[in-house]
Protein chains: 2
Amino acid sequence: MPRDASTPDAPARRNPPRARTGRPPATSREEILAAARLVIERDGWERLTVRRLAAELGIGTTTLYHHVRDREDLLVQLLNEHTDRTLRPDLPDDPRDRVVAAAVAMHDSLAAWPWAAEILTTDGFLARLGEPALRVVETIVAAAIEHGCTEEQAVHLFRSVWYYTVGEILVRARTRDRRPDALQPGALRPGAPGPGDPFFGDGVDMSRLPTLAAVGDRWPALAAQDTYASALEAFVDGLFARAAADRQG
Amino acid sequence: MPRDASTPDAPARRNPPRARTGRPPATSREEILAAARLVIERDGWERLTVRRLAAELGIGTTTLYHHVRDREDLLVQLLNEHTDRTLRPDLPDDPRDRVVAAAVAMHDSLAAWPWAAEILTTDGFLARLGEPALRVVETIVAAAIEHGCTEEQAVHLFRSVWYYTVGEILVRARTRDRRPDALQPGALRPGAPGPGDPFFGDGVDMSRLPTLAAVGDRWPALAAQDTYASALEAFVDGLFARAAADRQG
DNA sequence: ACCTGAACACCGTTCAAGT
DNA sequence: ACCTGAACACCGTTCAAGT
């Protein structure tokens with residue numbers, strides 16, 4: 001029976017107070033996470049599989065399952081380690097600005113690791129977050145209450161901001177770079193849209209969609225502009241205004 | 001060389017004006033989509049694979065690739081057919097209300113099919129949408145312009161609303177039902193959180209997260225409440241206000 | 001006490017050949 | 001003109017055994 005795979009190695013295990021019995025461990029949580037980062041950096045995020053990671057470490061695939069519960073557990077541990085290192089927001093005094101700053105910090109930390117997209121939406125993800133990430137959640141909910149929200153409104157506000165943030169990261173992570181010089185696999189496939197093709201209307205009659213037809217090929221360029229923070233501010237202001245109105249009656 | 005797999009069968013093919021040569025087609029786009037819907041309804045969305053779908057139709061796996069370009073193309077066709085049937089929003093006269101109504105209609109149509117989550121974020125998804133879905137995009141962008149937005153602001157507004165909507169659908173689709181009577185696979189696994197366990201703080205010191213500690217176990221119940229439409233209204237109002245302020249200087 | 005080969009039960013996609 | 005078996009190149013996960 002393996003020891004609990006999702007818990008970090010107990011200190012006693014790494015600094016044994018007495019001689020251990022049996023085989024020494026072939027690897028550790030730290031080595032596994034380091035190897036995973038190496039694979040991601042060297043071969044790309046798509047190449048990080050349980051089998052590949054084991055091969056990278058020179059251990060049997062099965063052995064990995066003594067240190068991580070499953071693939072998802074590996075990913076959550078990797079992300080928690082990443083937020084541990086990168087999520088240190090500067091927090092303004094004003095509660096409204098604090099909500100925005102905390103959300104932007106969370107967004108930037110997650111968006112910097114495209115593979116985060118794969119686990120952002122898994123069940124109970126929020127509850128599996130490590131302390132640095134939970135601190136940001138705490139910051140947002142507490143600031144919303146400080147601004148005048150009820151506890152319930154504050155939780156709803158966080159959740160709405162979270163949906164927006166997750167959606168932005170997910171869509172962006174899967175949107176291939178459309179710069180003209182970006183050479184993509186499949187870019188020259190006969191069916192693939194090229195620079196000369198219209199963005200909308202592959203077989204659609206655009207005469208009944210005049211606004212989209214007018215935007216036309218400018219859509220991808222407009223969509224590529226980063227308006228996350230500015231729309232977030234609008235969202236937070238709108239949510240605060242609505243919450244205040246709801247409290248009034 | 002197969003004919004273009006992503007285009008619907010030409011009418012001439014289904015009603016041949018003269019005798020065809022060669023083998024008659026073993027299946028059609030319509031039969032494939034109908035079989036896919038059957039597999040989803042009967043076996044669940046996770047079970048819809050290219051191989052299973054071919055087996056369901058009684059044809060070789062390879063044959064399917066004459067009718068769909070790849071798995072993603074199958075999914076997009078399936079979703080376009082779904083929106084074709086379900087996306088018929090009632091549109092109010094007021095532009096602001098029209099943006100909200102169109103976004104809610106789009107949300108409800110997509111949220112009703114949990115498997116939509118898998119393709120919502122694929123590259124160029126918006127451009128591959130069918131006419132009913134594009135009509136909703138048109139509605140939102142046009143209404144934003146009617147409300148006073150520039151074309152650019154209107155596109156950005158749509159995109160922000162889209163991120164929020166996609167995030168909501170994705171997170172909800174992957175959040176398992178937490179009602180006490182919901183029996184889940186793995187629910188009795190030793191490591192899985194039970195009703196008695198705290199929601200937050202699996203190994204985290206909650207004393208430094210007082211607000212989350214105070215919310216505690218009530219979080220999942222609060223998170224389960226549907227506030228999509230109400231937060232959407234706040235978002236749209238906030239975006240309109242900000243766009244107006246930006247135009248002022 | 002810890003590690004592992006081999007197997008289970010699958011995937012999406014493509015090639016070279018049928019019919 | 002249309003269809004297909006077989007293969008390619010993989011997956012995550014688990015079992016019954018090693019050492």
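First the proteins, then the strands, lettered A, B, ... as listed; each starts at 1.
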| Say you pick atom P in D:dA9 and the same atom in C:dA9; how far apart are they, in whole Å? | 24 Å

| Counting side-chain heavy atoms from CB outward, which of D:dA6, D:dT14, D:dT13 is closest to B:Thr62? | D:dA6

| said: Let's test this: given Watson-Crick or G-U wobble pairing with both distances under 3.5 Å, identify the partner of D:dC10. | reply: none

| Using purine N1 to pyrimidine N3 plus N6-O4 or O6-N4 for Watson-Crick, or N1-O2 and O6-N3 for G-U wobble, each under 3.5 Å, what pairs with C:dG5? | D:dC15

| remark: B:Asp70 CG to C:dT14 P, in whole Å, measures 8 Å

| said: I'd like to know if the side chain of B:Thr121 pairs up with that of A:Arg174 as donor and acceptor (distance under 3.5 Å, no hydrogens or angles considered). | reply: yes

| Rounded interatomic separation in angstrom, taking OH from A:Tyr65 and C1' from D:dT14 | 9 Å

| said: Please confirm whether the shortest side-chain N or O distance from B:Arg52 to OP1 or OP2 of C:dC11 is below 4.0 Å. | reply: yes

| query | To the nearest Å, how far apart are B:Asp73 CG and C:dG12 C1'? | reply | 14 Å

| task | State whether the number of non-hydrogen atoms from other residues, nucleotides or ligands found under 6.0 Å of B:Arg88 atom CZ is greater than 12. | result | yes

| remark: A:His66 atom NE2 is separated from D:dC15 atom C1', nearest whole Å, by 11 Å

| query | In terms of side-chain heavy atoms, does B:Thr86 have a donor or acceptor partner in B:Ser109 at a distance below 3.5 Å? | reply | yes

| task | Consider the side chain of B:Thr63, meaning its heavy atoms from C-beta on, and name the nucleotide among C:dT4, D:dT4, C:dT13 that approaches it most closely. | result | D:dT4

| Close residues, residues 32-49 of chain B, relative to DNA chain C [heavy-atom separation under 4.0 Å] | B:Thr49

| request: Determine yes or no for a side-chain-to-main-chain donor-acceptor pair under 3.5 angstrom, with A:Glu81 supplying the side chain and A:Leu78 the backbone. | output: no

| Could you state the NE2-P distance from B:His67 to D:dT4, rounded to the nearest angstrom? | 10 Å

| said: Could you walk me through whether B:Tyr164 and B:Tyr228 satisfy the ring-ring contact (aromatic ring centres under 6.0 Å, His included) test, starting with their C-alpha distance in whole Å, then the side-chain angles of each, then the deciding distance to 0.1 Å, before giving a yes or no? | reply: CA-CA 9 Å; B:Tyr164 168 61; B:Tyr228 171 79; 5.1 Å; yes

| message | Both A:Ile59 and A:Arg51 contact DNA chain C. Taking the nearest nucleotide for each, which residue is further toward the 5' end? | response | A:Ile59

| said: Which nucleotide wins on minimum distance to the side chain of B:Arg71, given the candidates C:dT4, C:dT14, C:dT13? | reply: C:dT13

| request: Would you confirm whether B:Glu138, through its side chain, and A:Leu212, through its main-chain N or O, come within 3.5 Å as a donor-acceptor pair? | output: yes

| request: Can you tell me the distance, in whole Å, between the CD atom of A:Glu118 and the C1' atom of D:dC11? | output: 12 Å

| message | Can you tell whether the side chains of A:Glu56 and A:Arg52 come within less than 4.0 Å, N to carboxylate O? | response | no

